[in-house]
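Numbered from 1 within each chain, the chains take letters A, B, ... in sequence-line order.
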Protein chains: 2
Amino acid sequence: MLQLDSFLPYRLNVLAKRVSKALARQYEDRFGISIPEWRVLAILGREQPLSSNDIVDRSQMDKAKVSRAVTALVERGILARATHPQDQRLLRLSFTAEGRALYDRVAPLALDWERDFLAGLTAEERAALLGLVDRLEKRLGEMGEG
Amino acid sequence: MLQLDSFLPYRLNVLAKRVSKALARQYEDRFGISIPEWRVLAILGREQPLSSNDIVDRSQMDKAKVSRAVTALVERGILARATHPQDQRLLRLSFTAEGRALYDRVAPLALDWERDFLAGLTAEERAALLGLVDRLEKRLGEMGEG
DNA sequence: CATATTTTGTTTCACCTGAAACGATCTTGT
DNA sequence: ACAAGATCGTTTCAGGTGAAACAAAATATG
């Protein structure tokens, strides 16, 4: 018998969607950034420059979505889009000065929200949760799911 | 510094999306059921009859999405849509015989997939994960998200 | 009672999404 | 060097999405 309360795919989806929406409220209106745009920024905040494909790999977004988010961010002067010297198919995406400044304002907001969200968990519980997420991702890989 | 690897909103979203897609592969082609339709079935599988609003509450889908999924399932003869005798605004949704038969074939598929997916976790880890999801959902409620 | 307000589910509309087609570039094999 | 094929990112297009407007029905208020 399928018990939805304990059916993990269902529970994960509901939780993830609520978290995404709640977090988006922190930056959408204030900075005019969509969820896909925020994801691009978050990934570039860690590592730069990256190609669109790199972002696709790291974000699990499809390449059309990444392309649109990148285009919007470039048009707003937040990202610089250069081409790779050795391979002109590849973009080399990085923050402009303005983009870096924006990221430096948005990222703390996101981290603050996360801290508040996780306030009820101990450090051990947080680590355990991340560890479980890691293992489940790995399991998906083993199962041949992308 | 925002470390995306340990940023839970990001990790949850990537995981949930992959899980949803992988699971959807189990039933989409074989039974012609979309993800929202499957969710409606899963909820009705546990409790019947329900109104559309009940399904909205239990699924975190918006009411337009539920309305469309229900309409499609009714048109396919999978759900019966009766009106409540005391309140004619309310639908009383339940499986037809065909719908019950379909559910009885799809649900085991979903459970099998989940079992395979969770094969690497001990029973304790699974319980811990569900417990954490519960608490995070509750936390979102406290934060006024929904 | 009469009317205002609320609740339920559908529909509209502008936007988002992703699979597939595409042009451009690079790589492989001969 | 050349053709065939792969890879990268953009664009197209058919369909999905959700906020808001809506109609129908119930409830609350004076």
Side-chain angles (χ1 to χ4, degrees), chain A residues 13-14 16-18 20-22 24-25 28-29 32-40 43-44 49-75 79-94 145-146, chain B residues 13-14 16-25 27-29 32-40 43-44 49-76 79-94 145-146:
Chain A
N13 251 284
V14 170
K17 182 130 198 187
R18 289 182 71 188
S20 254
K21 277 180 96 170
R25 269 199 279 282
E28 262 181 342
D29 294 339
I33 299 172
S34 72
I35 293 182
E37 286 166 16
W38 153 250
R39 291 200 180 139
V40 169
I43 288 167
L44 284 172
L50 289 177
S51 71
S52 289
N53 242 7
D54 293 334
I55 296 175
V56 168
D57 292 342
R58 287 161 176 71
S59 69
Q60 289 284 321
M61 295 192 284
D62 68 291
K63 60 185 182 171
K65 203 181 213 171
V66 169
S67 172
R68 288 170 188 129
V70 165
T71 299
L73 291 170
V74 169
E75 278 169 0
L79 294 187
R81 169 160 44 186
T83 57
H84 190 100
Q86 268 78 50
D87 186 340
Q88 306 209 25
R89 293 170 308 180
L90 272 60
L91 301 181
R92 284 162 58 80
L93 297 165
S94 51
E145 307 292 356
Chain B
N13 251 285
V14 170
K17 181 129 199 187
R18 290 182 70 188
V19 167
S20 253
K21 279 179 94 168
L23 179 59
R25 269 199 280 281
Y27 56 77
E28 262 181 342
D29 294 339
I33 299 172
S34 70
I35 293 181
E37 286 165 18
W38 153 250
R39 292 202 179 138
V40 169
I43 288 167
L44 284 172
L50 290 177
S51 71
S52 290
N53 242 8
D54 293 334
I55 296 175
V56 168
D57 292 341
R58 287 161 177 70
S59 68
Q60 290 283 323
M61 295 192 284
D62 68 289
K63 60 186 183 170
K65 204 181 212 171
V66 170
S67 173
R68 289 171 189 127
V70 165
T71 299
L73 291 170
V74 169
E75 277 169 2
R76 280 183 57 193
L79 294 188
R81 168 161 43 186
T83 55
H84 190 100
Q86 269 77 50
D87 186 339
Q88 307 208 26
R89 294 169 308 179
L90 271 60
L91 300 181
R92 284 162 60 80
L93 298 165
S94 50
E145 308 291 355

Q: Check each of B:Ile43, B:Asn53, B:Val56 against B:Val66 using the side chain to side chain contact (heavy atoms under 4.5 Å, CB included) test, and report the only one that passes.
A: B:Val56

Q: Determine the minimum heavy-atom distance between B:Glu37 and B:Ala72, stating which atoms define it.
A: OE2-CB, 3.4 Å

Q: Mind checking B:Asp62 for me? I need base, sugar-phosphate or nothing, with any heavy atom below 4.0 Å counting as a touch.
A: base

Q: Quick one: label A:Ser34 by what it contacts on the DNA or RNA (base, sugar-phosphate, nothing), any heavy atom closer than 4.0 Å.
A: nothing

Identify, with sequence neighbours excluded, every residue that meets side-chain contact (heavy atoms from CB on, under 4.5 Å) alongside [X].
| X | result |
| --- | --- |
| B:Pro36 | B:Ser34, B:Met61, B:Lys65, B:Ala69 |
| A:Asp57 | none |
| B:Arg81 | B:Val70, B:Thr71, B:Val74, B:Leu91, B:Leu93 |

Q. With distance as the sole test, does B:Ser67 use its side chain to make a donor-acceptor pair with the main-chain N or O of B:Lys63 at under 3.5 Å?
A. no

Q: Mark yes or no for whether A:Asp54, through its side chain, and A:Ser51, through its backbone, hold a donor-acceptor pair below 3.5 Å.
A: yes

Q) Starting at the 5' end of DNA chain D, which residue's closest nucleotide do you reach first, A:Ser52 or B:Gln86? A) A:Ser52

Q. Counting just side-chain N and O atoms, does B:Arg92 come under 4.0 Å of either OP1 or OP2 of C:dT8?
A. no

Whole-Å distance separating the [atom1] atom of [X] from the [atom2] atom of [N]:
| X | N | atom1 | atom2 | result |
| --- | --- | --- | --- | --- |
| A:Glu37 | C:dT17 | CD | P | 10 Å |
| B:Ile55 | C:dT8 | CD1 | P | 14 Å |
| A:Glu28 | C:dC15 | CD | P | 15 Å |
| A:Ile35 | C:dG18 | CD1 | P | 12 Å |
| B:Leu79 | C:dG9 | CG | P | 14 Å |

Q. Should A:Gln60 and B:Lys17 count as side-chain neighbours, where that means a heavy-atom distance under 4.5 Å?
A. no

Q. Tell me, do A:Ile35 and B:Asn13 make a side-chain contact under 4.5 Å, heavy atoms counted?
A. no

Q: Identify the 5'-most and 3'-most nucleotides of DNA chain D with at least one atom closer than 4.0 Å to a non-hydrogen atom of chain B.
A: D:dT17 to D:dA26

Q.
I'd like to know if the side chain of A:Arg39 pairs up with that of A:Ser20 as donor and acceptor (distance under 3.5 Å, no hydrogens or angles considered).
A. yes

(Q) Heavy atoms within less than 4.0 Å of DNA chain D: which residues of residues 64-73 of chain B have one? Give them sorted by number. (A) B:Ala64, B:Lys65, B:Arg68

Q. Quick one: on DNA chain C, does A:Pro36 or A:Asp87 contact a more 5' nucleotide (nearest heavy atom)?
A. A:Pro36

Q. B:Ser51 or A:Pro85: which one's nearest nucleotide on DNA chain C is closer to the 5' end?
A. B:Ser51

(Q) Please determine whether side chain to side chain contact (heavy atoms under 4.5 Å, CB included) holds for the pair A:Leu44 and A:Ile55, giving the CA-CA distance in whole Å, both sets of side-chain angles, and the decisive distance to 0.1 Å. (A) CA-CA 8 Å; A:Leu44 284 172; A:Ile55 296 175; 4.3 Å; yes

Distances for protein N/O vs nucleotides 1-6 of chain C N/O pairs under 3.5 angstrom?
none

